[in-house]
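Heads up: the structure comes next, in structure tokens.
Because the structure is a prediction, the values reported are computed rather than measured.
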Amino acid sequence: MEERKIKAYKHYFKDFIESLNENESRKVFYVLDMLKTQQRVSEKFVKYIKEDIFELRVEYNGNIYRVFFIFDKGNIVILFNGFHKKSQKTPKNEIDKAIQIKKEYYEQGE
């Protein structure tokens, strides 16, 4: 498999990653590397949400982090918003935000 390209759309992912400490962000990038290089990634790390949006699932030191993304043209992974998850269910407002960002992404024809 050819390595997937990973791009961040606008500032959303950058804002999220900068809010983490060094070890937390290292773990996020570790999981991103798996997504880049492996054809199939375990549901422990990647899960389909809805409307072509997936979440990158990262756990570190008892904390849970999520980053929403889409596959574009099957290869390029576009990263959207990320957040520190504090409950069992992924907050609806975070999913809605990811859907809104996806619409914006396609409208701009990135």
Side-chain angles (χ1 to χ4, degrees):
M1 175 193 126
E2 187 182 317
E3 197 171 276
R4 288 185 182 100
K5 289 177 181 63
I6 295 183
K7 294 191 332 190
Y9 176 64
K10 291 196 170 176
H11 58 86
Y12 305 105
F13 178 72
K14 184 176 179 280
D15 292 349
F16 166 68
I17 209 74
E18 286 176 353
S19 74
L20 305 179
N21 71 36
E22 189 181 333
N23 291 331
E24 293 162 343
S25 62
R26 188 178 300 133
K27 182 77 185 261
V28 170
F29 285 115
Y30 168 78
V31 178
L32 278 174
D33 278 343
M34 279 196 286
L35 189 58
K36 222 193 236 180
T37 58
Q38 295 177 21
Q39 184 64 42
R40 293 201 168 278
V41 181
S42 160
E43 197 173 278
K44 177 180 184 213
F45 300 109
V46 170
K47 185 178 179 195
Y48 178 77
I49 298 297
K50 69 184 207 180
E51 294 187 33
D52 296 327
I53 293 176
F54 293 80
E55 68 178 2
L56 192 73
R57 304 157 66 98
V58 179
E59 229 173 291
Y60 178 77
N61 230 6
N63 290 308
I64 298 170
Y65 303 94
R66 297 291 188 255
V67 178
F68 290 113
F69 69 93
I70 60 170
F71 289 99
D72 190 9
K73 300 178 183 88
N75 185 29
I76 296 173
V77 178
I78 309 297
L79 300 173
F80 294 155
N81 50 320
F83 63 98
H84 180 182
K85 191 173 170 193
K86 295 178 173 82
S87 65
Q88 274 306 107
K89 253 173 104 49
T90 299
K92 185 182 180 321
N93 65 323
E94 292 292 348
I95 294 171
D96 292 344
K97 182 177 175 183
I99 291 169
Q100 200 47 53
I101 295 169
K102 182 188 83 166
K103 284 182 184 148
E104 188 184 302
Y105 170 79
Y106 282 119
E107 280 166 8
Q108 292 197 351
E110 280 289 321

Item to check | Reference residue Phe68; test ring-ring contact (aromatic ring centres under 6.0 Å, His included); the match among Phe54, Tyr12, Tyr9, Phe83 | outcome: Phe83
Item to check | Connected via hydrophobic side-chain network under 4.5 Å: Val67 and Ile78 | outcome: no
Checklist entry - Does the side chain of His84 reach to within under 4.5 Å of the side chain of Glu24, using non-hydrogen atoms? => result no
Checklist entry - Is it true that a side-chain atom of Tyr60 and a backbone atom of Ile64 form a donor plus acceptor pair closer than 3.5 Å? => result no
Checklist outcome for this item: In this structure, CD of Glu3 is separated from CG of Leu35 (nearest 0.5 Å) by 10.5 Å
Next on the checklist: Do Leu32 and Ile76 sit in one hydrophobic cluster, given that two such residues count as connected whenever their side-chain heavy atoms are within less than 4.5 Å of each other, even indirectly?
Outcome noted: no
Checklist entry - Atom CD in Glu59, atom CZ in Arg66: separation rounded to 0.5 Å? => result 7.0 Å
Item to check | Shared hydrophobic cluster for Ile49 and Val46 (ILVMFWY, side-chain gaps under 4.5 Å) | outcome: no
Item to check | Asn61 side-chain N/O to Asn63 backbone N/O, donor-acceptor pair under 3.5 Å | outcome: no
Checklist entry - With a 4.5 Å limit on heavy-atom distance, are the side chains of Ile53 and Ile95 in contact? => result no
Item to check | Straight-line distance of Ile101 CD1 to Lys10 NZ, nearest 0.5 Å | outcome: 9.0 Å
Next on the checklist: To the nearest 0.5 Å, what is the distance between CG on Asn23 and CZ on Arg26?
Outcome noted: 5.0 Å
Item to check | Glu55 side chain reached by Glu94 side chain, heavy atoms, under 4.5 Å | outcome: no
Checklist entry - Would you say Phe80 and Phe45 are hydrophobically clustered, going by side-chain heavy atoms of ILVMFWY under 4.5 Å? => result no
Checklist entry - Counting only N and O atoms by type, is there a donor-acceptor contact under 3.5 Å from the side chain of Lys27 to the main-chain atoms of Tyr65? => result no
Checklist entry - Are the side chains of Phe71 and Arg4 in touch, meaning some heavy atoms are under 4.5 Å apart? => result yes
Checklist entry - Taking atom CD of Glu18 as the centre, does the number of heavy atoms from other residues, nucleotides or ligands within less than 6.0 Å exceed 12? => result yes
Checklist entry - Quick one: are Tyr106 and Ile70 in side-chain contact, heavy atoms under 4.5 Å? => result yes
Checklist entry - If we only count heavy atoms from C-beta on, is the Phe29 to Ile17 side-chain gap below 4.5 Å? => result yes
Checklist entry - Considering only heavy atoms from C-beta outward, does the side chain of Val31 approach that of Arg57 to under 4.5 Å? => result no
Item to check | Same apolar cluster: Tyr105 and Leu79, side chain cutoff 4.5 Å | outcome: no
